[in-house]
Amino acid sequence: MSEETRKIRKLLIANRGEIACRVMMTCRSLGIRTVAVYSDADKDAMHVAMADEAVHIGPPAATESYLVIDKIIGAAKAAGADAIHPGYGFLSENPTFANTCAEEGIIFIGPSAASMDAMALKGAAKKLMTDAGVPVVPGYHGDDQSPELLAAEAEKIGFPVLIKAVAGGGGKGMRIVQHIDELPAAIEAARREGENSFANGKLLIEKLIQKPRHIELQVFGDQDGHAVHLFERDCSLQRRHQKVVEEAPAPGMSPEMRRAMGEAAVKAAQAINYVGAGTVEFIVDVADGLDDAPFYFMEMNTRLQVEHPVTEMITGQDLVEWQIAVAEGQPLPLSQDEVDVLTNGHAVEVRLYAEDPFNGFLPSIGTIGLFDPFADVPANTRIDAGVRDGDEVSIHYDPMIGKLIAWGETREDAVHALSGLLAETPVIGLATNRDFLLRALRHPDFVAGDVHTGFIGQYEDELLAAHEIGVHDYLLASVSIWANRQTVYAASQSNDPWDAHDGFRLNLPHSELLKFESADGEQLVVTLEQTSGQLAARSGDSQITVSDVTVSGNSLSFNDNGVRRQLFISVNDETVALVDAERTISLKRHARDGGGGDDADGPGTIVAPMPGKILEIKVAEGDTVSRGDPLLVMEAMKMEQTIAAPRDGTIATVGAKDGDQVGDGSILIVIEDNS
């Protein structure tokens, strides 16, 4: 045991959302009191409600709150916290923050500043790993950043190549370049993202592995110099270099390869005297299969990872508890030999995001509806979240709603359990990637374990096709409206028969017309009739007849031709949301009147899809553009988006300039037909 041990009695979490709530759960089980910090935007957030104490730290912008070291340290002192857990993101890999904690006598739940510095810049880290005997991808990691030298090095490596910001992460500052002609624009974009996100525009170039798998090793070190790994996670299913699905162990990996990668990961941790939880990430070239495939060090994340739950599920260990124990000066809870016999079964995790996969994965903002992170779920599954029904997803922070995780004795069992959990987890009120995740989990190649980082691109036509909404959906929406009325009346406990809306008529069936606005803007009318315990909905030649219609919470059940069906619903005066095991759709009520005149958001007018910052305007008034040409680059919710021309034409108006902050719906560019 370390010569100095210090018991933690009160812990401040220098973070928000899901990870803050996750850390608090472990602290509660250990009897450690927790302190939350929050910005103006988070005053009613779930992590604030869960904490024993909470300290306000400033405006919504992270640069004025969660990223201000003095405010975090001040909050810890004000609350009398012994320690700070940084979570992930924000200050979690900031060596200055770790040093400041040490100077103030506050325990930092993480590695030393020296360890962070060693792995902070990808180029320096790869040199360190090469010296330690850990294999790295061929590439250029030098200080000369001139475009001419970078181009020469790229040609020397051979296309395709990968451009990376040396301080990058989460896919930011990263570009794939297939040909020399694409290199200047890729260098410019990657450098800009590096400067904007990490205040560092330095780049490196690597050989692009054509069919890669992203496999990472969970490592842990203690203050006595011991280090172990807790097996691997396969994070190959990615979009724009951001992880979508994570699982442990990696499907198809042999024990020999697992041993070799584990030894390399531990060697990497020991090379920098690592203390705490970390992840050593490797890229594996599986062009010829996984058996004995070459693997290369990519980077080390000097913090707990978003995907740590799958490791917890297969080992039965609480990694946050391990973090706290090591930070207190205790030895690692288990030796490598003890860890090696722990692995049991398979676990899979998906990240549920507020984003629209059927519209270029644009981040989404709004009020979350139906989502219940505290719902009873099967014993082999869990939901980690930092938001709940009624919370807002704002423009200020990462759009992750939560993580859904499932365990099974086999990979097939785990994937099936996770698909079932996701199908029973509705979210409405804003666009999410739920339905896309369901398609991915059910895809035959994923089920078979044939995953690689190009999986989504390979099958995008299947995974990203927008839902088709048919007349049958409007008929179900009409049944939902009727059923919701009965629920509202029952809940009101009214004795007034005029409030009943039960369809009672003297000698006549109940009949009414319900109006919707179809996807093409046309009015769609549904006739709803109630007779003899049945409900019939009809529009044109389409009709459904259902019986035994009941609503429990937000779950609608009914008999349809002898089959009992169920779906989640949400009804208000403007929309009806329907969620089943495959689709989440929202239908508009009360069709709007048509009108003439110019349409401000027509196909020739480009508007901001959400609030954000204009990074670069790529066109000028008078320019001729073709459909698909890039018009501008904007940053919203920590992600960079390139907006392309929706049609051919001439730029008539440019309504924004580089650096502008724009609101949702702001007119940015107007394109006129070529004259």
Side-chain angles (χ1 to χ4, degrees), residues 119 122 125-126 128-130 132-139 141 157-158 160-162 164 168-171 174 176 204-219 229-269 278-301 305-308 310-311 314 343 346-349 411 415 440 443 445-459:
M119 289 295 177
K122 291 179 171 64
K126 291 188 177 185
L128 180 65
M129 291 299 100
T130 299
V134 178
V136 301
V137 180
H141 314 116
I157 295 165
V161 298
L162 194 61
K164 289 183 182 180
M174 191 178 295
I176 293 174
L204 61 82
I205 306 176
E206 290 180 345
K207 178 66 179 173
L208 180 69
I209 306 299
Q210 295 282 27
K211 190 174 182 182
R213 277 175 63 175
H214 179 137
I215 298 177
E216 61 190 32
L217 273 290
Q218 175 69 62
V219 294
H229 72 83
L230 287 91
F231 308 106
E232 80 280 1
R233 298 185 288 255
D234 192 319
C235 306
S236 298
L237 204 68
Q238 300 181 3
R239 182 192 64 81
R240 296 181 186 173
H241 307 289
Q242 290 188 309
K243 300 163 187 173
V244 175
V245 180
E246 301 108 349
E247 56 185 306
M253 181 179 285
S254 68
E256 293 75 21
M257 187 173 183
R258 178 169 294 115
R259 188 177 306 112
M261 291 187 76
E263 290 172 355
V266 170
K267 189 182 296 184
T279 303
V280 182
E281 302 196 352
F282 295 97
I283 189 166
V284 184
D285 187 348
V286 295
D288 298 318
L290 185 59
D291 284 344
D292 299 320
F295 61 88
Y296 307 101
F297 171 85
M298 281 200 304
E299 62 184 345
M300 183 175 183
N301 290 297
Q305 290 278 87
V306 176
E307 58 271 21
H308 74 273
V310 292
T311 297
I314 67 165
T343 184
H346 201 98
V348 189
E349 172 184 297
R411 182 177 186 273
V415 171
H443 193 280
D445 280 12
F446 178 81
V447 173
D450 183 13
V451 293
H452 52 86
T453 58
F455 182 92
I456 293 173
Q458 181 178 350
Y459 297 112

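Because only heavy atoms are used, hydrogens play no part in the values below, and waters and symmetry mates are left out as well, while side chains stay in.
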Asks: Quick check: closest heavy atoms across Glu246 and Val310, and the distance to 0.1 Å?
Replies: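 Heavy atoms only, the tightest pair is O-CG1, 3.8 Å.
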Asks: Distance-only, no hydrogens or angles: does the Gln218 side chain make a donor-acceptor pair with backbone N or O of Gly278 under 3.5 Å?
Replies: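 Checked: pair present.
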Asks: How would you list, by chain and number, every residue that makes a side-chain contact (heavy atoms from CB on, under 4.5 Å) with Ala125, sequence neighbours excluded?
Replies: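 Applying side-chain contact (heavy atoms from CB on, under 4.5 Å) to Ala125 gives Met119, Phe297.
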Asks: At their closest point, which heavy atom of Pro138 faces which heavy atom of Ile157, and how far apart are they?
Replies: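 Smallest heavy-atom distance, with atoms named: O-CG2, 4.5 Å.
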Asks: Can you give me the closest heavy-atom contact between Met129 and Ala268, atom names plus distance?
Replies: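 Closest heavy-atom pair between Met129 and Ala268: SD-CB, 3.4 Å.
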Asks: Could you tell me which non-hydrogen atom of Val266 sits nearest to which non-hydrogen atom of His229, and how far apart they are?
Replies: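 Minimum heavy-atom contact is CG2-N, 3.8 Å.
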Asks: Out of curiosity, Ile209 CD1 to Phe295 CZ, how far, rounded to the nearest 0.5 Å?
Replies: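 Reported to 0.5 Å precision, the distance equals 13.0 Å.
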Asks: Would you call Met174 and Leu162 a side-chain contact if the rule is heavy atoms closer than 4.5 Å?
Replies: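 Yes, their side chains come closer than 4.5 Å.
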Asks: I'd like to know if Glu281 and Lys243 make a salt bridge, using a cut-off of under 4.0 Å between side-chain N and carboxylate O.
Replies: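 Between Lys243 and Glu281 there is a salt bridge, with a charged N closer than 4.0 Å to a carboxylate O.
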Asks: From Glu299 CD over to Phe282 CZ, what is the distance, rounded to the nearest 0.5 angstrom?
Replies: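 Answer rounded to 0.5 Å: 11.5 Å.
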Asks: Calculate, to the nearest 0.5 Å, the distance between atoms CD and CG belonging to Glu307 and Asn301 respectively.
Replies: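 Spacing of CD (Glu307) from CG (Asn301) equals 8.0 Å.
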Asks: Would you please name every residue forming a side-chain contact (heavy atoms from CB on, under 4.5 Å) with Pro160, sequence neighbours left out?
Replies: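 For Pro160, the residues satisfying side-chain contact (heavy atoms from CB on, under 4.5 Å) (neighbours in sequence not counted) are Gln178, Lys207, Leu208, Gln210.
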Asks: For Glu232 and Met261, run side-chain contact (heavy atoms from CB on, under 4.5 Å): C-alpha distance rounded to whole Å, both residues' side-chain angles, the deciding distance at 0.1 Å, then the answer.
Replies: CA-CA 8 Å; Glu232 80 280 1; Met261 291 187 76; 6.0 Å; no
Asks: Answer yes or no: is there a side-chain heavy-atom contact under 4.5 Å between Gln238 and Pro212?
Replies: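 A side-chain contact is absent here, since even the closest heavy-atom pair is not under 4.5 Å.
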Asks: For the OG1 atom of Thr279 and the CD atom of Gln305, what is their distance to the nearest 0.5 Å?
Replies: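 Reported value, rounded in 0.5 Å steps: 3.5 Å.
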Asks: Please identify each residue that fulfils side-chain contact (heavy atoms from CB on, under 4.5 Å) with Asp450, with sequence neighbours left out.
Replies: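 Partners of Asp450 under the side-chain contact (heavy atoms from CB on, under 4.5 Å) test: Lys211, Asp445, His452.
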Asks: Would you please say whether a donor-acceptor pair under 3.5 Å links the side chains of Glu247 and His346?
Replies: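 On atom types as modelled, these side chains qualify, holding a pair under 3.5 Å.
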Asks: If you take all heavy atoms of Val219 and Ala269, which pair is closest and at what distance?
Replies: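 Taking every non-hydrogen atom into account, CG2-CB, 4.3 Å.
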Asks: Checking side-chain hydrogen bond (donor to acceptor under 3.5 Å, both in side chains) against Arg233, which of His214, His308, Glu216 comes through?
Replies: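 Going through the options one by one, the only one that passes is Glu216.
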Asks: For the CD1 atom of Ile205 and the NE2 atom of His141, what is their distance to the nearest 0.5 Å?
Replies: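 Between atom CD1 of Ile205 and atom NE2 of His141 there are 9.5 Å.
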Asks: Measure across Ala264 and Val134 and return the closest heavy-atom pair with its distance rounded to 0.1 Å.
Replies: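 For Ala264 and Val134, the tightest heavy-atom pair comes out as O-CG2, 3.8 Å.
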Asks: State, with a plain yes or no, whether a side-chain heavy atom of Phe455 is found less than 4.5 Å away from one of Val244.
Replies: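 No, their side chains stay 4.5 Å or more apart.
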Asks: Between Arg411 and Ala250, is there a donor-acceptor pair closer than 3.5 Å when you use the side chain of the first and the backbone of the second?
Replies: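 Absent.
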Asks: To the nearest 0.5 Å, tell me how far Met253 CE sits from Ile215 CD1.
Replies: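 Output value for this atom pair is 3.5 Å.
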